Amino acid sequence: MIKKIGQQIIIGMLFALVFAFPTTIFAHTQLEMSSPKEGETVTTELKDVSLQFNTNIEKLSSFKIIHESKQEVPLDQTTIEGNTMTRHIMDGTALENGTYTVEWRIVGKDGHPIEGVHPTF
């Protein structure tokens with residue numbers, strides 16, 4: 001009987017913690033939008049790629065762009081303004097036809113490092 005009451009108290013406390021601090025527990029930064037958009041066909045010269053997240057991101061954040069042939073696209077430095085991260089494709093770089101993927105790594109507002117892969121264009 002005492003063991004069962006103890007288990008119920010522990011379960012009740014855990015339940016209370018989840019509902020008392022929902023933004024702390026579930027507030028990880030997530031990718032909201034990209035430019036170019038996911039699945040977009042780019043028909044003009046592409047100069048920049050931007051990723052927008054649902055919270056501000058830290059200056060340590062960055063990304064790289066990989067062609068389907070596993071070749072990395074040469075990029076300039078990362079610019080971060082609030083929740084948006086942008087990288088300029090180096091001048092003189094001609095992008096081959098094909099599919100490109102953005103591999104990103106950010107430090108979110110909550111301080112957690114987060115990685116992701118985004119099939120962009």
Side-chain angles (χ1 to χ4, degrees):
M1 178 80 163
I2 292 175
K3 186 176 179 182
K4 188 173 184 176
I5 292 172
Q7 288 175 339
Q8 290 174 343
I9 290 172
I10 291 172
I11 290 171
M13 289 173 64
L14 289 173
F15 191 72
L17 281 173
V18 168
F19 287 104
F21 304 104
T23 56
T24 304
I25 295 171
F26 301 110
H28 287 294
T29 304
Q30 297 176 357
L31 182 64
E32 283 191 328
M33 293 190 322
S34 66
S35 176
K37 294 178 183 174
E38 183 176 348
E40 181 175 345
T41 300
V42 178
T43 58
T44 60
E45 182 182 7
L46 185 63
K47 296 184 181 201
D48 298 298
V49 173
S50 295
L51 302 177
Q52 184 177 352
F53 296 86
N54 65 333
T55 64
N56 288 345
I57 56 175
E58 300 296 325
K59 300 292 181 194
L60 297 172
S61 304
S62 188
F63 67 82
K64 59 186 176 180
I65 302 171
I66 311 292
H67 183 264
E68 63 189 22
S69 66
K70 307 295 184 212
Q71 292 291 97
E72 188 172 338
V73 175
L75 303 169
D76 281 337
Q77 292 184 352
T78 305
T79 303
I80 297 174
E81 295 178 8
N83 67 341
T84 304
M85 176 170 44
T86 304
R87 294 199 71 184
H88 179 77
I89 296 171
M90 292 189 77
D91 292 336
T93 301
L95 297 180
E96 298 177 26
N97 290 335
T99 302
Y100 290 83
T101 301
V102 176
E103 295 178 3
W104 51 269
R105 178 175 170 78
I106 63 161
V107 177
K109 183 179 178 182
D110 60 5
H112 289 95
I114 304 167
E115 296 179 357
V117 176
H118 185 62
T120 302
F121 51 95

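Not measured: the values here are computed from a predicted model.
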Kindly list each side-chain donor-acceptor pair under 3.5 angstrom involving residues 74-83, sequence neighbours excluded, with atom names and distances?
{"residue": "Thr78", "atom": "OG1", "partner": "Ser62", "partner atom": "OG", "Å": "3.2"}
{"residue": "Thr78", "atom": "OG1", "partner": "Arg87", "partner atom": "NE", "Å": "3.3"}
{"residue": "Asn83", "atom": "ND2", "partner": "Phe53", "partner atom": "O", "Å": "2.8"}

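- The salt bridge (Lys or Arg N to Asp or Glu O under 4.0 Å) test applied to Glu68 returns no partner, not counting sequence neighbours.
- Among all heavy-atom pairs drawn from Ile89 and Leu46, the shortest one is CD1-O, 3.5 Å.
- Residues passing the side-chain hydrogen bond (donor to acceptor under 3.5 Å, both in side chains) test with Ser35: none are found, sequence neighbours excluded.
- Using a 4.5 Å heavy-atom cutoff, the side chains of Thr29 and Asn54 are in contact.
- Under a hydrophobic clustering in which Ile, Leu, Val, Met, Phe, Trp and Tyr are joined whenever their side-chain heavy atoms come within less than 4.5 Å, directly or via other members, Val49 and Val42 fall into the same cluster.
- Taking the ring pair (Phe, Tyr, Trp, His ring centres under 6.0 Å) definition, one finds that His112 meets it with His28, sequence neighbours left out.
- Residues satisfying the ring pair (Phe, Tyr, Trp, His ring centres under 6.0 Å) test with Phe121, not counting sequence neighbours, are Tyr100.
- Taking all atoms of both residues into account, the shortest heavy-atom contact from Ser34 to Pro36 is OG-O, 2.8 Å.
- The other members of the hydrophobic cluster of Leu60, by chain and number, are Val107 (side-chain heavy atoms under 4.5 Å, ILVMFWY only).
- The side-chain hydrogen bond (donor to acceptor under 3.5 Å, both in side chains) search around Asp91 returns His88, not counting sequence neighbours.
- Clustering of Ile, Leu, Val, Met, Phe, Trp and Tyr by side-chain heavy atoms under 4.5 Å joins Val117 with none of the others.
- Note: Ile106 CD1 to Ile114 CD1 = 4.5 Å, rounded to the nearest 0.5 Å.
- Scored by the side chain to side chain contact (heavy atoms under 4.5 Å, CB included) test, Glu45 finds Lys47 as partners (sequence neighbours excluded).
- With sequence neighbours left out, the side-chain hydrogen bond (donor to acceptor under 3.5 Å, both in side chains) criterion links Glu115 to Arg105.
- For the atom pair Phe63 CZ and Leu51 CG, the distance stands at 5.0 Å (nearest 0.5 Å).
- Between Ile57 atom CD1 and Met85 atom CE the span is 4.5 Å, to the nearest 0.5 Å.
- Distance check: Thr99 OG1 to Ile66 CD1 gives 13.5 Å after rounding to the nearest 0.5 Å.
- Residue pairs meeting the salt bridge (Lys or Arg N to Asp or Glu O under 4.0 Å) criterion with at least one member in residues 53-64, sequence neighbours excluded: Lys64-Glu103.
- His67 meets the side-chain hydrogen bond (donor to acceptor under 3.5 Å, both in side chains) test with Ser69; sequence neighbours excluded.
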